[in-house]
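Quick notes on the structure that follows.
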Amino acid sequence: MKRSNLLVRSPPPSRHPNCRRYSSSGDTPLRPKCLASLVRRSTAETIPKILRSRPATDFTPSLASETLKLLWNDSQKSLLLFESLVATHPTSLSLASFNLAIDVAARSRQFSAVTSMICRMRSMGINPTLRTFSIVMERYVLAGKPERAIKVFTFMHEYGCPQDLHAFNTLLDVLCKAKRVEMAWDRVFKVFARRFAADRVSYNIIANGWCLVKRVGKALEILKVMLRKGIEPSSSTYNVVLKGFFRAGQVEEGWKFFLEMKKRKCGVDIVSYTTVVHGLGVAGEVGRAQKVFDEMAKVGILPSVATYNALIQVLCKKDSVKNAISVFNEMRRKGYTPNVTTYNLLIRGLCHAGHRDRAMEYMESMKKEDCDDNTQDDGDGSRPNVQTYNLLIRYFCDAGEIERAMSSFEEMNRGDYCLPNLDTYNILISSMFVRKRSEDLIVAGKLLVEMVERGFRPRRFAFNRVLNGLLLTGNQGFAQEILRMQSKFSHLPRQFKL
DNA sequence: TTAACGAGCA
């Protein structure tokens, strides 16, 4: 498949404004955005050559890991960069870069590549940590192979990572977060609890697992077991159950539990308040949510950005986006810095109310704040992320503004903030069927090709839909091409070995 | 190492 065929092209060869001399060696240090852009426009053959042409001093561990982060949604290119760095500048690879590469490989189910990366990092004197193994375990669970995750846990000490309580809790958490709480309880907790001396955190994780599948009764049972065993519940334990009630739609039970927590002084904190503001609000009890929010100042618990976000979301969903904007302005006046979630909530609220132009203004201020802000202390600050782009694209598509959606997509595809993910492609491909135009179906086909090239696995449904569309509009040749890609794609090796 | 704000599916 020639990329030049693609209507939805990879980024134009625009130089990043911060990057004056990225294609030849010079005295300007290489920045992550420039290296990412360079890698995306190069091939497996040229990437190592380009890397060799630059002085070794350019390749710091942070350049390597930041660039891999930017290439997160292009698994092919990020793995190519990783392999090329191994060959040309191995000292630039830190634990962080290995973890990123392992995550990307595992996400596309290349588990044998994961094993070799772990062996390679050890041979380079970088020991895989629990973080490394939690990535692998999580990917196995998400790939529908939870028993493999358990196996990784039983083997990991052979790869230099201690099997301890911390690791035990991490495995429990990985399973519970993927809603495999029964497996976590029966196959891990019961089997290993004594050996690793399960603690309060272990029980909290299980209680949370039950709450995630909306079985608060089971979480309360865990609470009883803790009390029986003399393990004192923490504020996290109570907050988990509190959230569980609201998540399960048991609003009044949640409210009673909150009152009881206050009465018995069991660690009511900022998390409990945020949970209640959000829980009451999304259940439509906006007045009560607002009252709880106002109560915080009186009891001396100041709201955090997350609390403001909860209130803003509630107002957008159940009240008016106008009031949400007032709260947003108020939080800024008080000196809070909105994060990417705050902006995404407002942008979604505005789009939902049909104000897409105003939503775009907030998008622009996010980008502006990113330029003004050099500190970036918590990593991503308020830069637009994949959710920001996806929600804008989704609303543009829903409103029939396909061109606007495509222009946001192209901007995203420049890769200054993030690259399109599976959701982005799914949203756009679906929207290509609304106008019933032959040219739209070609775009859908090209998007499908591009997503496969970047390591995403479209559902069979997407393949069939695009194929049918192309055949019906007389694009037999392109349909054949996609069919060939699909047959190759479905035979990708699915090795599960570690 | 666990808990709050985001996060969809044929």
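So that the names make sense, note that chain A is the first sequence line, chain B the second, and so on, each numbered from 1. Since the model is a prediction, treat every value here as computed from it, not as a measurement. Side chains included, hydrogens not; waters and symmetry mates left out as well; all remaining heavy atoms used.
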Heavy atoms only, 4.0 Å cut-off, all strands: where does [X] land among base, sugar-phosphate and nothing?
{"X": "A:R460", "result": "nothing"}
{"X": "A:L345", "result": "sugar-phosphate"}
{"X": "A:D423", "result": "sugar-phosphate"}
{"X": "A:R459", "result": "base"}
{"X": "A:S304", "result": "base"}
{"X": "A:N208", "result": "sugar-phosphate"}

Taking only the side-chain heavy atoms of [X] (C-beta and beyond), determine which of [options] contains the nearest atom.
{"X": "A:R394", "options": "B:dA3, B:dG8, B:dG6", "answer": "B:dG8"}
{"X": "A:T274", "options": "B:dG6, B:dC5, B:dT2", "answer": "B:dC5"}
{"X": "A:T341", "options": "B:dG6, B:dA3, B:dG8", "answer": "B:dG6"}
{"X": "A:A306", "options": "B:dT2, B:dA3, B:dC5", "answer": "B:dC5"}

- Could you walk me through whether A:E158 and A:R122 pass the salt bridge (charged side-chain N to carboxylate O under 4.0 Å, His left out) test, one step at a time? CA-CA 11 Å; A:E158 290 172 20; A:R122 293 193 77 201; over 6 Å; no
In whole angstroms, how far is the [atom2] atom of [N] from the [atom1] atom of [X]?
{"X": "A:N204", "N": "B:dA4", "atom1": "CG", "atom2": "C1'", "result": "15 Å"}
{"X": "A:L346", "N": "B:dG6", "atom1": "CG", "atom2": "C1'", "result": "13 Å"}
{"X": "A:Q387", "N": "B:dC5", "atom1": "CD", "atom2": "C1'", "result": "12 Å"}
{"X": "A:L212", "N": "B:dT2", "atom1": "CG", "atom2": "P", "result": "13 Å"}
{"X": "A:Y308", "N": "B:dG6", "atom1": "OH", "atom2": "C1'", "result": "19 Å"}
{"X": "A:I301", "N": "B:dA3", "atom1": "CD1", "atom2": "C1'", "result": "15 Å"}
{"X": "A:E138", "N": "B:dT2", "atom1": "CD", "atom2": "P", "result": "12 Å"}
{"X": "A:F293", "N": "B:dA4", "atom1": "CZ", "atom2": "C1'", "result": "13 Å"}

- With A:H157, which residues qualify under side chain to side chain contact (heavy atoms under 4.5 Å, CB included), at least two apart? A:Q163
- Message: Just to verify, what does A:V251 make a side chain to side chain contact (heavy atoms under 4.5 Å, CB included) with, not counting sequence neighbours?
- Response: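 A:V251: side chain to side chain contact (heavy atoms under 4.5 Å, CB included) contacts with A:F246, A:L280, A:A283.
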- Item | Distance-only side-chain donor-acceptor flag, A:N344 / A:T341, under 3.5 Å | no
- Between A:K177 and B:dA3, does any side-chain N or O lie under 4.0 Å from OP1 or OP2? yes
- Distance check: side-chain N/O of A:H278 vs OP1/OP2 of B:dG6, anything under 4.0 Å? yes
- Task: Kindly write out the residues that satisfy side chain to side chain donor-acceptor pair (under 3.5 Å) with A:S202, not counting sequence neighbours, or none if the list is empty.
- Result: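 For A:S202, the residues satisfying side chain to side chain donor-acceptor pair (under 3.5 Å) (neighbours in sequence not counted) are A:N169, A:D199.
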- Message: Give the residues of residues 188-199 of chain A touching DNA chain B, defined as any heavy atom closer than 4.0 Å, sorted by residue number.
- Response: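 Contacts with DNA chain B under 4.0 Å: none.
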- Message: Strictly by side chain to side chain donor-acceptor pair (under 3.5 Å), give each pair with a member in residues 269-278 of chain A just once, sequence neighbours left out.
- Response: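 Applying side chain to side chain donor-acceptor pair (under 3.5 Å) to every pair that reaches into residues 269-278 of chain A, excluding sequence neighbours, yields A:N239-A:D269, A:N239-A:S272, A:D269-A:S272, A:Y273-A:E295, A:T274-A:T307, A:H278-A:Q313.
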- Just grab all the salt bridge (Lys or Arg N to Asp or Glu O under 4.0 Å) pairs involving residues 172-186 of chain A, residues at least two apart or on different chains. A:D173-A:K177, A:E182-A:R215, A:D186-A:K190
- Query: Can you find a donor-acceptor N/O pair under 3.5 angstrom joining the side chain of A:T275 to the base of B:dA4?
  - Reply: no
- Within 6.0 angstrom of A:R404 CZ, more than 12 heavy atoms from elsewhere: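 Yes, CZ of A:R404 has more than 12 neighbouring heavy atoms, counting only those of other groups under 6.0 Å.
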